[in-house]
Structures are given as structure tokens and as C-alpha cells.
Amino acid sequence: MTLTPRTKKRFIAGAICPRCSEMDKLMMYRENEKDFRECVSCGFHDEMRFKQNTRELDTRVNVVEEQVAEETQVLILDPNVSSNKH
Ligand SMILES: [Zn+2]
């Protein structure tokens, strides 16, 4: 696998892997203008396709999709976040 610096991966808070059912193991990243999710626990990965009818669904997935659209940089694992606030 090749990791490019331009590809940022972020954990999806509260997301459950459809394969191994582990919570908070899914990361999402953007590639070729498409959103993918990847499980760090079992290696599961697929394309995230929920851009349709998401406004009618009040789910965690909807929240994640909106964060991507706004390109909000919420890096949960970034140690600089906590240090900047303090
Ligand atoms: Zn998994």
C-alpha cells in the first residue's frame, strides 16, 4: 500500500465496522474525489456512498458526511489539537 501525504485519514467516531463489528476502528480518507472507509482492525475497506438522501437521515453517518463537505479538519488523534487549546 502507498500512503501519500495528501491523503488524510481520520477516525470515524462511533462508527462500527460491518465486518468485525469493532467500534472506532474505521478511518475515512478521500481519494480521487471519493470517500473511502477503512478498518484498522480487520483491514476491511470500501467506498462510502451515502451522498444521496442524507439530509433526511439524522444519523451519525450524516454528521460525518457534513464534516467532509465542509472539510472541517477534526483530527481526533492529532496531539497538536489539545496543546493548541491550552
Ligand atoms: Zn473491521
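For ligands, and for the atoms within them, numbers begin at 1 and follow the listed sequence.
- Under the rule for a ring pair (Phe, Tyr, Trp, His ring centres under 6.0 Å), Phe44 has no partner lying at least two apart in sequence or in another chain.
- Contact check for Phe36 versus Arg30: no side-chain heavy atoms found under the 4.5 Å cut-off.
- Looking at every heavy atom in both residues, Asp24 comes nearest to Gly14 through OD1-N, 2.7 Å.
- The shortest side-chain heavy-atom distance between Cys39 and Cys20 falls under the 4.5 Å cut-off.
- Only protein N, O or S atoms were considered, and those under 2.8 Å from the Zn ion (ligand 1) are Cys17 SG, Cys20 SG, Cys39 SG, Cys42 SG.
- Considering only heavy atoms from C-beta on, Asn32 stays 4.5 Å or farther from Glu47 through its side chain.
- Smallest separation of non-hydrogen atoms from Asp46 and Arg37: OD1-NE, 2.6 Å.
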